[in-house]
Peer 1: 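Sharing a structure with you now.
What you see is a predicted model, and the numbers here were worked out from it, not measured in a lab.
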Amino acid sequence: MKISRRSFLTTTAVATLGSSALTAVSVPSAAQGAFDSAELLKEGGLPEKWLGNADAKVVVIEYASMTCPHCASFHEVSFPYLKAKYIDTGKIRFALREFPLDPLATAAFMLARCAPDDKYYDMVGLFFERQTLWTRTEQPVDAMFSLSKQAGFTQESFRACLTNQSLLDGVNAVKDRGSNAFKVSATPTFFVNGAKVKDFNSPEAIDKALTPLL
């Protein structure tokens, strides 16, 4: 469901979400077919945040929510393995796409997009690493600002980011496209060369999915 600027900026509503944002979300349990790779690679809503070799023959796309505990687990445990073995070595190209499950996750993605010096993935990693600190508090906005200051945000730039209607619309558009065009309904969801994979949540599963393609 899209969120409006008014509902997003209502601190009371956001604070309420802070205590309930970690409700369980499902993880894809079976492969659900393949989509046109060219269509999947088209940008939609916001510029893509790519990592890795632009000419890699294998492309991995993740749809995630910042308040999803399964997503946080992946980025803390398995993403470093994926990055070291496959992204940094030029074997694959990777992008994370925003699929926020609630307004609090939307706020975190907006802040990652606004991070100074293009620290998008640094902010994503920080919010996932400290997920319980800003999602399980009665003052999530204050907690998010405290974390954001580590990336160089000021009170002014923090507020400017979270009141940017164009950015909010862009995050919503990325999520809507994932849902409508690629049938994303849960997080994390992974696509490898256009195919929605059954499992990509451990080093062993990553190797199993990628090795045959390389």
Peer 1: Is there a side-chain contact between Pro100 and Val171 (heavy atoms, below 4.5 Å)?
Peer 2: yes
Peer 1: Using modelled atom types only, decide if a donor and an acceptor are shared between the side chain of Lys208 and the backbone of Asp199 within a distance under 3.5 Å.
Peer 2: no
Peer 1: So, do Glu62 and Phe74 sit near enough that their side-chain heavy atoms are less than 4.5 Å apart?
Peer 2: yes
Peer 1: To the nearest 0.5 Å, what is the distance between CD (Glu98) and CG (Asn172)?
Peer 2: 10.5 Å
Peer 1: Checking salt bridge (Lys or Arg N to Asp or Glu O under 4.0 Å) for the pair Arg93/Asp55: CA distance, chi angles, key distance, verdict?
Peer 2: CA-CA 8 Å; Arg93 197 179 191 200; Asp55 298 320; over 6 Å; no
Peer 1: Test Asp207 against Lys85 for salt bridge (Lys or Arg N to Asp or Glu O under 4.0 Å), laying out the working first.
Peer 2: CA-CA 10 Å; Asp207 286 341; Lys85 185 171 182 178; 3.2 Å; yes
Peer 1: I'd like to know if Leu82 and Val77 are part of one continuous hydrophobic network [Ile/Leu/Val/Met/Phe/Trp/Tyr, side-chain heavy atoms within less than 4.5 Å].
Peer 2: no
Peer 1: Looking at Phe182, does the NZ or CZ of Arg177 lie under 6.0 angstrom from its six-membered ring centre and within 45 degrees of the ring axis?
Peer 2: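 Cation-pi check for Arg177 and Phe182: fails.
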Peer 1: Report the residue from Leu41, Asn53, Leu213 that forms a side-chain contact (heavy atoms from CB on, under 4.5 Å) with Val59.
Peer 2: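 For Val59, the side-chain contact (heavy atoms from CB on, under 4.5 Å) test succeeds with only one of Leu41, Asn53, Leu213, which is Leu41.
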Peer 1: Calculate, to the nearest 0.5 Å, the distance between atoms CZ and OG belonging to Arg130 and Ser146 respectively.
Peer 2: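 OG of Ser146 is found 9.0 Å from CZ of Arg130.
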Peer 1: Could you check whether the rings of Phe191 and Tyr63 sit parallel, tilted or perpendicular, using 30° and 60° as the cut-offs?
Peer 2: perpendicular
Peer 1: On a heavy-atom basis, which atom in Tyr121 and which in Leu96 lie closest, and how many Å separate them?
Peer 2: OH-N, 3.0 Å
Peer 1: Got a donor-acceptor contact below 3.5 angstrom from the Asp117 side chain to the Lys119 backbone?
Peer 2: no
Peer 1: Is there side-chain contact between Gln150 and Asp122, with heavy atoms separated by less than 4.5 Å?
Peer 2: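 Counting from C-beta outward, Gln150 and Asp122 never come under 4.5 Å.
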Peer 1: For side-chain contact (heavy atoms from CB on, under 4.5 Å), just list the numbers for Val60 and Ile206, CA-CA rounded to whole Å, side-chain angles, deciding distance to a tenth of an Å, and then say yes or no.
Peer 2: CA-CA 10 Å; Val60 176; Ile206 289 169; over 6 Å; no
Peer 1: Rounded to the nearest 0.5 Å, how far apart are CE of Met144 and CG of Leu147?
Peer 2: 8.5 Å
Peer 1: Using 0.5 Å steps for rounding, measure from the SG atom of Cys71 to the CG atom of Asn201.
Peer 2: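 If I round to the nearest 0.5 Å, the distance is 8.5 Å.
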Peer 1: Sub-3.5 Å donor-acceptor pair from the side chain of Thr163 to the main-chain atoms of Arg159, do we have one?
Peer 2: yes
Peer 1: Are the side chain of Thr106 and the backbone N or O of Asp102 linked by a donor-acceptor pair below 3.5 Å?
Peer 2: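 It does hold such a pair.
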Peer 1: Mark yes or no for whether Glu43, through its side chain, and Glu48, through its backbone, hold a donor-acceptor pair below 3.5 Å.
Peer 2: yes
Peer 1: Does a side-chain heavy-atom distance below 4.5 Å link Val58 with Phe94?
Peer 2: no
Peer 1: With a 4.5 Å cut-off on side-chain heavy atoms, are Trp50 and Ile87 touching?
Peer 2: no
Peer 1: Tell me, please, whether Phe99 has Lys175 positioned over its six-membered ring: NZ or CZ under 6.0 Å from the ring centre and within 45 degrees of its axis?
Peer 2: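 Yes, Lys175 lies over the aromatic ring of Phe99.
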Peer 1: Measure from the side-chain N and O atoms of Asn193 to the backbone N and O of Lys57, and report whether any donor-acceptor pair falls under 3.5 Å.
Peer 2: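 Here the side-chain-to-backbone pair exists.
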Peer 1: Does any non-hydrogen side-chain atom of Phe145 lie less than 4.5 Å from one of Gln155?
Peer 2: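 The answer is yes, as the side chains (C-beta and beyond) meet within the 4.5 Å cut-off.
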Peer 1: Do Thr187 side-chain atoms and Cys68 backbone N/O form a donor-acceptor pair below 3.5 Å?
Peer 2: no
Peer 1: Look at Lys49 together with Asp118 and state whether they make a salt bridge at an N to O cut-off of under 4.0 Å.
Peer 2: yes
Peer 1: Is a side-chain donor or acceptor of Thr137 paired with a backbone partner of Pro140 at a separation under 3.5 angstrom?
Peer 2: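 Between the backbone of Pro140 and the side chain of Thr137 there is no qualifying donor-acceptor contact (under 3.5 Å).
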Peer 1: Would you name the heavy atoms of Met110 and Cys161 that are closest together and state the gap between them?
Peer 2: O-SG, 3.1 Å
Peer 1: Taking the side chain as every heavy atom from C-beta outward, state whether Met66 and Met123 have any pair of such atoms under 4.5 Å apart.
Peer 2: no
Peer 1: Same cluster for Tyr81 and Phe200 if Ile/Leu/Val/Met/Phe/Trp/Tyr side chains link at under 4.5 Å?
Peer 2: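 Yes: a chain of side-chain contacts under 4.5 Å links Tyr81 to Phe200.
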Peer 1: Looking only at heavy atoms, what is the nearest atom pair of Ala105 and Ser65, with distance?
Peer 2: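 Closest pair (atom of Ala105, atom of Ser65, distance): CB-OG, 3.4 Å.
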Peer 1: Please check this pair: side chain of Ser179 against backbone of Asp176, looking for a donor-acceptor N/O pair closer than 3.5 Å.
Peer 2: no
Peer 1: Check the side chains of His75 and Gln131 for a donor-acceptor pair under 3.5 angstrom, ignoring hydrogens and angles.
Peer 2: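 No donor-acceptor contact under 3.5 Å links the two side chains.
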Peer 1: Is the distance from the ring center of Phe127 to that of Phe109 below 6.0 Å?
Peer 2: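 Between Phe109 and Phe127, which both carry aromatic rings, the centre distance is not below 6.0 Å.
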Peer 1: How many angstroms lie between CD1 in Ile61 and CG in Leu40, if you round to the nearest 0.5 Å?
Peer 2: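 Here the rounded value is 4.0 Å.
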Peer 1: In Å and rounded to the nearest 0.5 Å, what is the OH to CG distance from Tyr120 to Leu111?
Peer 2: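 It is 11.5 Å, given to the nearest 0.5 Å.
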